[in-house]
Q: 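Here it is: the structure, laid out below.
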Amino acid sequence: MDHSIGPKSLAAFDRARALIPGGVNSPARAFGAVGGSPLFIDRAEGAYIFDIDGRRFLDYIGSWGPMILGHACPEVVDAVVRAVGRGSSYGAPTEAESELAEQIIDAVPSIERVRLVNSGTEATMSAIRVARGATGRDKVIKFAGNYHGHVDSLLVAAGSAAATLGVPDSPGVTAGAGGDTIVLPYNDVAALEEAFNQHGSKIAAVILEPVVGNMGLVIPSSEFLNSLRSITEKAGTILIFDEVMTGFRLAYGGAQQRFGITPDMTTLGKIVGGGMPLAAYGGRADIMDQVLPAGKVFQAGTLSGNPVAVAAGSATLRILKEESPYDSLDKMGDRLSEGLADAATAAGVPHQVQHVGSMVTLFFNPDPVRNWDDADRSDREAYARYFWGMIGEGIYMPCSQFEALFFSRVHTEAMIDQTIDAAKKVLASF
Ligand code: HOZ
């Protein structure tokens, strides 16, 4: 296996490990699941990321989703520079926040009112609190392998790095914090019905990734999405789509627009902040008006609605609305998925390529992946070999079988074809 990480990245990781737990500020990026050391990044531009050893990689992480316009998009950089020159934080309202709120409300079908926060974790944590406050109920349903940030009550059977690194139920989460969380298998309508038969009147919310990116890419069946909508509506339960990954990515209005299912609340992150720390939660006006100071559910933040982050988010959404790159991203996603599947077939490697738009996963798994149990049967070692092989070819893929890849509107057909050729070479060596 080629662990071809440059000497400067190796030294930087040694230094970081003495200072920062595990050498990283978020575990998914540590390369723990594939073995070896992470690349330390110097800069990024367009579809490429450059490490501190001066090597260039075609980037399929895109900061785990935000960089749909490509890195260092000139209009976004401009907006950020102009904003920071006027002061980086005021802790007071600005007109730019209302501008971004209007853009979000205009885009996302379920959102009539929206609150800006700093991270996806804050968005999901707050949405759950509001759902509980609005319904006066305690229980929340989540799905195994879905990841909603590191909120205590949702860090149960969690995907992303929690699954990758073997802590789907983290130490430090008390029985009390997880006690009102009901975990169900994704795409399982019978389990959903059973949970509502047993606990219906006590369930405040159902939260899910409407297309899962955090156990690799898993697609919801339309029966599952339709049942979620009708069952929650009947029970007076708030349906929350966690669109931190899918919002503004699978369509301008997110997965809910793409599939035509409107939840009661939505959480957003990643693209909505244009690469800056900004996230949001929103929904029906009657629910969102429960939030202080309109209502009584407490949620606050010194840096919420930060003017620099708002400028980046607003510029990003403006470009996405104007350009609407979604048809082209869909075509590229088809091209990449077909090419990866052909490469695996030619190499005789058991696989599934699952994708929606610009989110793709090559599962080293002979069977379709519909839920966490299916995903968990994937061959992680094969994924690690593939990952390092692709690094050797100058291609930066997610460092876990349980993360979707993302590409941007500046990834060209030639880049996609280069990626397929690299995969052919790597998989042929298996
Ligand atoms: N939560 C992100 C992936 N699902 C990873 C965050 C990071 O490590 O940067």
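Index from 1, following the sequence. For ligands, and for the atoms within them, numbers begin at 1 and follow the listed sequence. Atoms considered below: every heavy atom in the structure, side chains included; atoms not considered: hydrogens, waters and symmetry mates.
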Q: Between the side chains of Arg370 and Asp188, is the shortest nitrogen-to-carboxylate-oxygen separation below 4.0 Å, so that they form an ion pair?
A: no
Q: Atom CD of Gln418 and atom OG1 of Thr412: how far apart are they, to the nearest 0.5 Å?
A: 8.5 Å
Q: Could you go step by step and tell me if Tyr383 and Ser378 meet the side chain to side chain donor-acceptor pair (under 3.5 Å) rule?
A: CA-CA 8 Å; Tyr383 187 88; Ser378 304; over 6 Å; no
Q: State whether the side chain of Glu102 and the backbone N or O of Glu97 hold a donor-acceptor pair below 3.5 Å, judged by distance alone.
A: no
Q: Between ligand 1 and the protein, give all atom pairs where both partners are nitrogen or oxygen and the distance is under 3.5 Å, as lines of names plus distance to 0.1 Å.
A:
| residue | atom | partner | partner atom | Å |
| --- | --- | --- | --- | --- |
| ligand 1 | 4 (N) | Ser160 | OG | 2.9 |
| ligand 1 | 4 (N) | Asn214 | OD1 | 2.7 |
| ligand 1 | 4 (N) | Glu403 | OE1 | 2.8 |
| ligand 1 | 4 (N) | Glu403 | OE2 | 3.4 |
| ligand 1 | 8 (O) | Ser26 | OG | 2.9 |
| ligand 1 | 8 (O) | Arg29 | NE | 3.4 |
| ligand 1 | 9 (O) | Arg29 | NE | 3.2 |
| ligand 1 | 9 (O) | Arg29 | NH2 | 2.7 |
| ligand 1 | 9 (O) | Trp64 | NE1 | 3.4 |

Q: Any salt bridge between Asp42 and Lys8, counting N to O under 4.0 Å?
A: no
Q: Taking it one step at a time, do Arg335 and Asp417 satisfy salt bridge (Lys or Arg N to Asp or Glu O under 4.0 Å)?
A: CA-CA 8 Å; Arg335 189 181 186 97; Asp417 292 347; 2.9 Å; yes
